There are 2 protein chains.
Amino acid sequence: MDEISFTPRELDVMSILWRAGSGTVSEVRDALGEALAYTSVLSVLQTLEEKGHVRHESEGRAYRYFPTVEPEAAGDSALARIRDAIYQGSAEMLFAQLVSDRGLGRPELERMRRMLAERLKEEES
Amino acid sequence: MDEISFTPRELDVMSILWRAGSGTVSEVRDALGEALAYTSVLSVLQTLEEKGHVRHESEGRAYRYFPTVEPEAAGDSALARIRDAIYQGSAEMLFAQLVSDRGLGRPELERMRRMLAERLKEEES
DNA sequence: TCCTGTCAACGGGTTCTTCCGTAGTAGGTG
DNA sequence: CACCTACTACGGAAGAACCCGTTGACAGGA
């Protein structure tokens, strides 16, 4: 249990790195919704590196940053926190909320059903 | 879209209020895992009240605090943030992660399947 | 009456977060 | 060389979050 957590701004940046695989300061800055100063983005990246969530390599004169944390690990931590704090520890209740989303269409729901079936079959062992 | 969000400590406190329905400062303090000073807990509650997430009524000499936000609403906001930032907007990927949890037993998984089936039937309309 | 215990209000210290300006470095160009 | 540009390092301001001590109000008991 590594207790992964990010501040809102850090999450914005990590999200971009996960999506793209890596990024220079400028790339992250461009991908960011809000217009931040170059040095602001750099600061966030440096903080993330200090905390061990990203690393960098030199690329020409610039640094290229890579996430060192898998999104799945971050997701696990985040979901566990939500499950415990908001759904009183019940994955089922969280699940119910997820499934009740009106925005979900039939195809997604079908695929979810398939995943669940796979998982249940696997449970046999 | 009300953009509900809590700091970690605020979430601890809200969690207790949701669980119990309401609470005085002392009750929340006792229910809290960590040992905080009375006034620390009071501060959190006052901040939450300022932000409109709880309200209070007098009970004897003390205040009793009630959540004014439903956990479902907070859950929606939190799940949407995770979905967008960590799972690139895909509810399915989030779902896959949820289902892959080794801690889930057959009974939970069965109930999830039932919920999903209900939801799918409902989708017919 | 006086003391003790419980309570909310207030203020303040410390750290974290967010954002950016400035300074310094190094490469390329005229 | 002088100059411009793209980059990182550093420091710091402003505000949020976190935690608590002190104060004053009030009730109940000795």
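Throughout, a chain's letter reflects where its sequence line sits, starting with A, and its residues are numbered from 1. As the structure is a computational prediction, the values presented were derived from the model and not from experiment.
Distance OH/B/Tyr63 to CD/B/Gln46: 8.5 Å, rounded to 0.5 Å. One distance of note links CZ of B/Arg9 with OG of B/Ser43; it measures 12.0 Å at 0.5 Å rounding. Here the straight-line distance linking atom NZ of B/Lys51 with atom CD1 of B/Ile4 works out to 12.5 Å at 0.5 Å rounding. Here the CD1 atom belonging to B/Ile82 is positioned 3.0 Å from the CD1 atom belonging to A/Ile82, to the nearest 0.5 angstrom.
Formation of a donor-acceptor pair under 3.5 Å by the A/Ser22 side chain with backbone atoms of A/Phe66 is not found in this model.
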Output one line per pair: protein atom, nucleotide atom from nucleotides 13-23 of chain C, and distance, for all N/O pairs under 3.5 Å.
from	atom 1	to	atom 2	distance (Å)
C/dT17	OP2	A/Lys51	NZ	3.3
C/dT18	OP1	A/Arg9	N	3.3
C/dT18	OP2	A/Thr7	OG1	2.6
C/dC19	OP1	A/Arg9	NH2	2.8
C/dC19	OP2	A/Arg9	NE	2.6
C/dC19	OP2	A/Arg9	NH2	3.3
C/dC20	OP2	A/Ala37	N	2.8
C/dC20	OP2	A/Ser40	OG	2.9
C/dC20	N4	A/Ser43	OG	2.5
C/dG21	N7	A/Thr39	OG1	3.3

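Salt bridge status for B/Glu92 with B/Arg83: absent, with no side-chain N to carboxylate O gap under 4.0 Å. For B/Arg114 and B/Glu110, the salt-bridge test fails: no basic side-chain N is under 4.0 Å from an acidic carboxylate O.
Remark: P of C/dT29 and CZ of A/Arg61 are 11 Å apart, rounded to the nearest angstrom. Atom CZ in B/Arg29 sits roughly 10 Å away from atom P in C/dC7 (whole-Å rounding). Atom OH in A/Tyr63 sits about 14 Å away from atom P in C/dT25, given to the nearest Å. Rounding to whole angstrom units, CD of residue B/Glu27 and P of C/dA8 are separated by 11 Å.
For the residue pair A/Arg81 and A/Ser77, no side-chain donor N or O sits within less than 3.5 Å of a side-chain acceptor on the partner.
When DNA chain D is scanned 5' to 3' for any atom under 4.0 Å from a heavy atom of chain B, the first and last hits are D/dA17 to D/dA27.
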